[in-house]
K.L.:
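Sending over a structure as structure tokens; questions will come in a sec.
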Amino acid sequence: MVAATGHADTSVGHGELIKAVDRALTTHGRAHLTGPAGAGKTEVVRVVAAAAEARDETVLHLAPEAADQWIPEASAAALLATVPAAALERLSGPQRTAVALLRREADAPRAGRDHIALRLAVVEVLRTLAARRPVLLVLDNVQWLDAESTDLLRFALRLTPPRVRVLAAECVQGATPVGEPLCGPGAPVIRVPPLGADELAELLMRHGLPARLAGRVHQASGGNPRLALALGHSLAEAAEARDGSAHHADPLPFSGQAREVARRLLAGASAPARRTLLLAALASRPTVSLLRRAGRPDAEAELAEAERAALVRVGGDGTVEFAAGALPTALAADAGWPERAAGHAALAAAVDDPVQAVRHRALAVDTPDQWLAAEISDASAVCRRRGQRALAAELGLLAAERTPSWLPGEELARLVTAAEDAGWSGRADLARRAARAVLARDASPSDRVRARLAVIDAAGQALGTLEETFAHAMDEAAGDPSLQAAVQLRIAWKHNLSDGDPVRSRDAAATAGALAALGGDQTAEAMALTVRARMGRILGDAGAEEILAEALALPAPEVPLGMRNAPQYLAVRHALFDDRLTDARRQLMVLLPAVQRTGSAEDVFEVLRSLTETELRSGRCEAASAHARRALELTIEAGLSPGPAWYVAAMAETMGGSFARAEGYARRGIQASQEEQDQVFLSRSLHALGVVELATGEAAKAVATLRRVAELEAAQQVVDPSILRWHGELAEALTAADAPGEAAALLDSVRPVALRLGRTGVLAALDRATALCLSARGEADAAVSLLEDTAHRFEALGLPLERGRTLLALARVERRRRRRAPARTALRAASEVFERAGAGPWADLAREPAAGDGAGDGGSPSAVLTEAEARLALLVSQGASNQEAAAKLFLSVKTVEARLTRIYQKLDVRSRAQLATALRTR
């Protein structure tokens, strides 16, 4: 938790930075650490100092506060107060007297002191300490050193021996750095970088904050750890005060500590620069030329000053971007209404976009105006046609606020439209604000239902928190079949996403379809059929394709509830499930520009997700990674639920990036999906984590993770094994964990379903796992034959990565029976497949001897031990007890004892000591 002073554990993501500081101190003896307030400099300094103390170095630490800069020699006195008494006793009389006077009377008049003796005393103290052992002088917050102490230290550090190293940490304030002259010429200047979105998510989780807030908090904080934690705590506390939950798209409360941190950051700019920054904060797309036109002739110089203080970034084309989204909020909040109104008026005359001109004119006044409200409403309609639905919602709310009270009908219509725009764009904050205004008025049941549906549509994954909204919407929709159909559709989505109940989802969709047909709403009818087809696929209903065909046969206008709920998109998903990847890619490339025009961020994300999955299955890892990055950026920018985006990123990293990054994304996806009660993407993120654990040889962990997937899928009544293909992977993990019998039972239970539904790709994956079971039972010839056949089938299906994984399995089996030449051939073939696909992590696996397969000559124990046995043998040989090994491998103690007996028999040893010797010699 963040302390009252605002300090926090901000070491997350600074591992490489700490190494850079250590290298600078080792090579140059000096390091100058800089960065904005709250960036984590103090935490880096603390870690470096702790490491020095652990090496038995003398560490002198000085950290002045803001008030100290006005007290002459205050910092020098504080530094000398930390020096051991033994070092002071060796000083000459005048030097000892000067030190005593300074330590006793730091704020007394300086005229009677011997300043030369004091300087020489500091030099002598440092030399004395360095003669005994190395010294690290840590100077934190050097921007608050008083001038006299700065001069004294600069003099002393020029005369100190090499065994005195100096680490100076300085907060960027836009002025001349203090640490530079202290460290001397040529000292490395190391800037503390902002945290990335992934690192910030880890920081939030470490402090008990919801992971789903990471995107919004990163955008608002710019990666500044202290500001991020302050914002995260403010948002979590506000949500708890409201209803016990926080939504990923909620506006960030900006008060208390968060506001103070932002103010400290802005203090690095002069008053004229802050006035220019205020104008930039009020503009939607600020540029240097726009600010000049709006009355800031020195904008370029003032922005350069702000850029030096790490407040903004000015692009080559003159665009101005704030380093943290909270900074413009702080500037606007601290400015009075007259100053904000004047700024909007100046911008209204300076912008060249008519929509933005109307927006600024509306924000420059706070009184109702019939004609201005009409102009704002027209501008909102323009944004809607452009696909800028979030801006349309903002303008719609503005139009309603500027509508005179004697036009209640126009005000209500604008509020309802604004709510629907907000729901479409995923802006939960704007949707709730508009809905509250609608419900506070004498609105018709239709308008009330439309407003409530907008809140539901904007909720993303978090449908499980809206039970009351659903209940009110159902009650108010009574008597109107079209409205009832719309509510029932959302209930069907909730039953699938939040409740994990495809049967109830299917039944609700059937009710929605009947109501839509009764009300003559063919679009809603097509969507209801789409939900039924989706749930039918999940439940293994062979008639699901006929239901989808029925939905596709209905007229297909632009779908008001999102392309992601349209039959055309489900047809793409079915093509992906059926391994018709060329068809899926072709249809997705048609849908992508269409959803980009609609302005629905969730629609665009869905298409990017499917493109990522399609390209991965097709063996195009580079293209898949690009789609995954765009999906993640869009999620953060639009404030969507982050769980799905982290799952997509995890899968892209698993195949074409890094297993370590994939694991991080998967764990964050698990956390976010649990927080939002999203059972569907919880299963998917767990599956992604299980794949990584299996690939990296953590078979026991993979078994535990994939068993959770199996439990979730069973609870969600998922029958069709093509939707999330975990079955073969769990069987492989069980075999590697020395449970081939359980693996075989799982495969026997899934295979008939896959055969009945004609899931050829799934059957091939099951055969790969079956082959590994055969190998574990000693049936190597049958295993090799089945793996060779399976590799050919994956090639025919156009699934290169699955073929490569099968070739890796073949190499493992061949090595296990000591056929090194066929094993090398299989490895080379796998490596070529992975290299062509851009599957870097898997190509690395293919270049290394398979874990536990004994690539060396002669009697490597892993040539006769299974992978699970080899892991246990290694742990025991390193001193682990049976209980410790059982805990680490997720086994019972009894299983460890039985397995250890088999290991002893295979290696012909009788004790742990002999086992350790056997492993070393073999």
Side-chain angles (χ1 to χ4, degrees), residues 651 654-655 659 662-663 666 686-710 713 721-722 724-751 754 759 761-780 782-791 793-794 799 801-816 823 826-827 830 833-834 839 841-842 845-846 850-853 862 865-871 889-891:
M651 290 307 296
T654 298
M655 296 302 171
F659 286 137
E663 180 181 351
L686 282 166
H687 177 237
L689 177 59
V691 171
V692 171
E693 290 170 338
L694 180 60
T696 54
E698 297 281 358
K701 289 183 180 178
V703 167
T705 300
L706 293 170
R707 275 180 175 153
R708 286 186 64 192
V709 176
E713 294 286 284
S722 69
L724 189 62
R725 305 184 183 194
W726 55 269
H727 312 78
E729 279 147 351
L730 176 53
E732 289 186 35
L734 285 165
T735 302
D738 208 22
E742 189 179 344
L746 170 63
L747 293 168
D748 289 344
S749 69
V750 178
R751 193 181 305 278
R759 308 302 187 226
V762 174
L763 286 166
L766 298 179
D767 283 345
R768 180 174 64 213
T770 299
L772 292 173
C773 284
L774 290 171
S775 174
R777 292 203 299 257
E779 301 176 42
V784 167
S785 176
L786 184 53
L787 285 169
E788 289 173 342
D789 176 64
T790 302
R793 285 155 58 203
F794 275 131
L799 301 173
L801 295 183
E802 294 300 326
R803 176 172 176 257
R805 291 178 63 181
T806 305
L807 291 168
L808 272 182
L810 176 59
R812 183 177 301 122
V813 171
E814 293 284 26
R815 273 192 170 147
R816 194 163 289 151
L827 273 181
V833 169
F834 293 135
W842 295 87
L845 289 181
D853 288 333
S862 53
L865 298 183
T866 68
E867 292 179 31
E869 289 168 346
R871 277 192 295 275
L889 296 174
F890 299 93
L891 300 171

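As the structure is a computational prediction, the values presented were derived from the model and not from experiment.
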K.L.:
If you compare all heavy atoms of A830 against all heavy atoms of G804, which two are closest, and at what distance to 0.1 Å?
P.N.:
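Scanning both residues, the minimum pair turns out to be CB-O, 3.7 Å.
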K.L.:
Please name the pair of heavy atoms, one in F794 and one in A765, separated by the smallest distance, quoted to 0.1 Å.
P.N.:
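Scanning both residues completely, I find the closest heavy atoms to be CZ-N, 3.5 Å.
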K.L.:
Give, for atom NZ of K701 and atom CG of L694, the distance between the pair rounded to the nearest 0.5 Å.
P.N.:
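One finds 13.5 Å between NZ of K701 and CG of L694.
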K.L.:
So do T790 and R793 actually touch side chain to side chain, heavy atoms under 4.5 Å?
P.N.:
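With C-beta onward as the side chain, the pair touches.
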K.L.:
If every non-hydrogen atom of G690 is compared with every non-hydrogen atom of A702, which pair is closest and at what distance?
P.N.:
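Looks like O-CB, 3.8 Å.
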K.L.:
Does the side-chain contact (heavy atoms from CB on, under 4.5 Å) test come out yes or no for L808 and L827, once each step is laid out?
P.N.:
CA-CA 6 Å; L808 272 182; L827 273 181; 3.6 Å; yes
K.L.:
Could you grab the distance from atom CG of L724 to atom CD of E713, nearest 0.5 Å is fine?
P.N.:
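Reported value, rounded in 0.5 Å steps: 5.0 Å.
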K.L.:
Please check if the side chain of R812 supplies one atom and the backbone of L772 the other of a donor-acceptor pair under 3.5 Å.
P.N.:
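Pair absent, no side-chain N/O of R812 close to backbone of L772.
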K.L.:
When you check the side-chain N and O atoms of R768 and T806, is any donor under 3.5 Å from an acceptor?
P.N.:
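Present: a donor and an acceptor within the cut-off.
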K.L.:
Quick one: NE2 on H687 to CZ on R725, what's the gap to the nearest 0.5 Å?
P.N.:
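Rounded to the nearest 0.5 Å, the NE2-CZ separation comes to 10.0 Å.
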K.L.:
Compare every heavy atom of T654 with every heavy atom of A688, then report the nearest pair and how far apart it is.
P.N.:
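Between these two residues, the closest heavy atoms are O-OG1, 4.4 Å.
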K.L.:
Using side-chain contact (heavy atoms from CB on, under 4.5 Å), reason through L774 and L786 one step at a time and then give a plain yes or no.
P.N.:
CA-CA 9 Å; L774 290 171; L786 184 53; 4.3 Å; yes
K.L.:
Taking side chain as C-beta onward, heavy atoms only, is L845 less than 4.5 Å from F659?
P.N.:
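They are in contact (side-chain heavy atoms under 4.5 Å apart), so the answer is yes.
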K.L.:
At what distance, to the nearest 0.5 angstrom, does CZ of R805 lie from CZ of R803?
P.N.:
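Nearest 0.5 Å value for the CZ-CZ distance: 15.0 Å.
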K.L.:
Determine the minimum heavy-atom distance between C773 and P740, stating which atoms define it.
P.N.:
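In this case the closest contact between C773 and P740 is SG-O, 4.0 Å.
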K.L.:
Any side-chain to backbone donor/acceptor pair from S749 onto L746? Under 3.5 Å, distance only.
P.N.:
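Here the side-chain-to-backbone pair exists.
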K.L.:
Any luck finding a side-chain donor-acceptor pair between R751 and T770 under 3.5 Å?
P.N.:
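Yes, T770 and R751 have a side-chain donor paired with an acceptor closer than 3.5 Å.
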K.L.:
Ignoring hydrogens, what is the shortest heavy-atom contact between A736 and R871? Give both atom names and the distance.
P.N.:
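Distance-wise, the nearest heavy atoms are O-NH2, 3.2 Å.
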K.L.:
Look at the rings of F834 and W842 and say which category their plane angle falls in: under 30° parallel, 30 to 60° tilted, over 60° perpendicular.
P.N.:
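Correct class here is tilted.
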K.L.:
How long is the gap from CG on L747 to CD on E732, to the nearest 0.5 Å?
P.N.:
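L747 atom CG to E732 atom CD measures 9.0 Å (nearest 0.5 Å).
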K.L.:
Are V813 and L787 packed together at the side-chain level, in the sense that at least one heavy-atom pair is separated by less than 4.5 angstrom?
P.N.:
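V813 reaches L787 side chain to side chain.
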K.L.:
Checking E742 now: which residues fulfil salt bridge (Lys or Arg N to Asp or Glu O under 4.0 Å) with it, not counting sequence neighbours?
P.N.:
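Per chain and number, E742 pairs via salt bridge (Lys or Arg N to Asp or Glu O under 4.0 Å) with R707.
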K.L.:
From L686 CG over to E693 CD, what is the distance, rounded to the nearest 0.5 angstrom?
P.N.:
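Going from the CG atom of L686 to the CD atom of E693 covers 9.5 Å.
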